[in-house]
Amino acid sequence: EPEVTQTPSHQVTQMGQEVILRCVPISNHLYFYWYRQILGQKVEFLVSFYNNEISEKSEIFDDQFSVERPDGSNFTLKIRSTKLEDSAMYFCAIGQDSYGYTFGSGTRLTVV
Amino acid sequence: GQQLNQSPQSMFIQEGEDVSMNCTSSSIFNTWLWYKQDPGEGPVLLIALYKAGELTSNGRLTAQFGITRKDSFLNISASIPSDVGIYFCAGLDWEYGNKLVFGAGTILRVKS
């Protein structure tokens, strides 16, 4: 059973629509991360979340993005108004301490 | 910003051959990680290196954390078809927070 489950595995959305990507870690963790990977490119950091607040974010993570843990277990990434260039694989990662990164299998987001 | 240069970009080798890939950086990292990514999946951690000079093995995989803390290599001995995938190095520097910086990846193809 994977440590991190991401849903949906694939989402197609129209440009301008809001999407919510979900991550469910199996056990309690302190650190949560979102990364993205545009097709054929390297994995890029978006945001880190510790103690129920954002601890760091990249330039990619602009006002269109937000993260939260609505119920203490799910970890979500919301994109308010999707753009074509948001099409990518989005990976959630967890860590019990800052060294241990486990990635989920990702959500493939396609914006049309 | 921090960047990792990973080489080679791709390799097409005969089954049974040894493989070597490496990552270099102009800046120092405190931790080096090597991941493998299969198509449509998230990165899976292969080896983590925490100390300069550290040499660590995981089965047929061996990785080293360079003495200068600016480079790392990964070797795969006696390659098999299931070694096919994309291999990423990733670095972590606490002065830049707890986010991973990824290399561009090495695509490995194995001919049986």
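All chains are named by letter (A, B, ...) in the order of the sequence lines, taking the proteins before the strands, and each is independently numbered beginning at 1.
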Go through the atoms of B:Gln37 and report whether side chain, backbone, both or neither lie under 4.5 Å from a heavy atom of chain A.
side chain
So which heavy atom on B:Ile86 is nearest to which on B:Gly105, and how close?
CG2-CA, 4.1 Å
Taking atom types as modelled, find out whether [X] and [Y] have a side-chain donor-acceptor pair closer than 3.5 angstrom.
X: A:Thr110; Y: A:Ser87; result: no
X: B:Ser77; Y: B:Asp18; result: no
X: A:Gln11; Y: A:Thr13; result: no

Pair count under 4.5 Å, heavy atoms only, with chain A: among B:Gly40, B:Ala104, B:Pro43, highest is B:Pro43
Report the option among A:Gln37, A:His10, A:Glu44, A:Gln41 that has the most heavy-atom pairs separated by less than 4.5 Å from atoms of chain B.
A:Gln37
In terms of heavy-atom pairs under 4.5 Å, which option from A:Gly40, A:Ser105, A:Gly104 contacts chain B the most?
A:Ser105
Heavy-atom proximity to chain B below 4.5 Å, by part of A:Ser9
neither
Name the region of A:Tyr35, side chain, backbone, both or neither, that has any atom closer than 4.5 Å to a heavy atom of chain B.
side chain
Can you classify the ring geometry of B:Phe102 versus A:Phe103 as parallel (below 30°), tilted (30 to 60°) or perpendicular (above 60°)?
perpendicular
